[in-house]
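First comes the structure, then the notes that go with it.
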Amino acid sequence: MGDYFGQLSHQGLEGRLAHLYPDAAQRDKERPRYVQRLDFEIATILKMGFPGYFLIVADFINWAKNNGCPVGPGRGSGAGSLVAYALKI
């Protein structure tokens, strides 16, 4: 599950970076700091044993968004994480 969690987080980050930095050269320049932070967060979440929680919440939130259900702002320490942003939570 940890590998899938990391892979999904990195894929999500690429989508977010493409939106934030449409210019590929700028995106390539900015990417390392985002990847460093994402890798740190992924390692912390894996060490704490919470990847399943993030995957389940991401599944619920993304289903709701895709089906017209309103989704409010997240709460707690995980809500402000880059992982949550990458997973579109």
Side-chain angles (χ1 to χ4, degrees):
M1 178 182 344
D3 291 339
Y4 177 69
F5 171 67
Q7 181 183 21
L8 201 62
S9 297
H10 279 278
Q11 287 174 354
L13 177 63
E14 284 305 313
R16 293 294 198 165
L17 289 176
H19 179 73
L20 289 172
Y21 305 102
D23 178 62
Q26 182 67 25
R27 186 167 54 247
D28 289 342
K29 180 182 174 190
E30 300 292 338
R31 182 180 289 111
R33 68 187 177 112
Y34 285 94
V35 170
Q36 181 181 14
R37 178 176 166 188
L38 186 71
D39 287 340
F40 174 78
E41 290 184 12
I42 290 170
T44 302
I45 291 166
L46 290 173
K47 185 170 54 171
M48 295 179 70
F50 289 124
Y53 172 78
F54 276 82
L55 291 172
I56 290 168
V57 170
D59 193 35
F60 287 160
I61 297 295
N62 287 305
W63 184 92
K65 287 178 180 178
N66 291 331
N67 288 278
C69 299
V71 178
R75 297 182 59 191
S77 59
S81 70
L82 186 57
V83 168
Y85 180 66
L87 295 176
K88 296 185 178 179
I89 295 177

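This chain uses plain numbering: 1 for the first residue, then up along the sequence.
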Atom pair [atom1] ([X]) and [atom2] ([Y]), whose distance is rounded to the nearest 0.5 Å:
X     : Y     : atom1 : atom2 : answer
Thr44 : Asp39 : OG1   : CG    : 10.5 Å
Leu20 : Gln26 : CG    : CD    : 10.5 Å
Leu17 : Glu30 : CG    : CD    : 9.0 Å
Glu41 : Leu46 : CD    : CG    : 11.5 Å

For Leu38 against Ala86, the heavy-atom pair lying closest together: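 Answer, listing the atom of Leu38 first, then Ala86: CD1-CB, 4.5 Å.
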Under the side-chain hydrogen bond (donor to acceptor under 3.5 Å, both in side chains) rule, what do Tyr34 and Tyr21 come out as? Steps first, then yes or no, please. CA-CA 12 Å; Tyr34 285 94; Tyr21 305 102; 3.0 Å; yes
Consider only side-chain heavy atoms of I, L, V, M, F, W and Y, link residues closer than 4.5 Å, and tell whether [X] and [Y] are in one cluster.
X     : Y     : result
Trp63 : Tyr4  : no
Phe40 : Phe5  : no
Ile61 : Ile56 : no
Val71 : Ile89 : yes

In terms of heavy-atom contacts, does CD of Gln36 have more than 12 from other residues, nucleotides or ligands at under 6.0 Å?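 No, CD of Gln36 has 12 or fewer neighbouring heavy atoms, counting only those of other groups under 6.0 Å.
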Is the count of non-hydrogen atoms from other residues, nucleotides or ligands lying under 6.0 Å from Asn67 atom CG greater than 12?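 Counting other residues, nucleotides and ligands, CG of Asn67 exceeds 12 neighbours.
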Which of these, Leu82, Val83, Leu13, sits in a side-chain contact (heavy atoms from CB on, under 4.5 Å) with Arg37?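 For Arg37, the side-chain contact (heavy atoms from CB on, under 4.5 Å) test succeeds with only one of Leu82, Val83, Leu13, which is Leu82.
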When you measure from the side chain of Lys65 to the backbone N and O of Lys88, does any donor-acceptor pair fall under 3.5 Å?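 Present.
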Is the shortest side-chain N to carboxylate O distance from Glu14 to Arg27 below 4.0 Å?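 No, no charged N to carboxylate O under 4.0 Å.
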Close side-chain approach of Phe54 and Ser9, heavy atoms under 4.5 Å: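 They are not in contact (no side-chain heavy atoms under 4.5 Å apart), so the answer is no.
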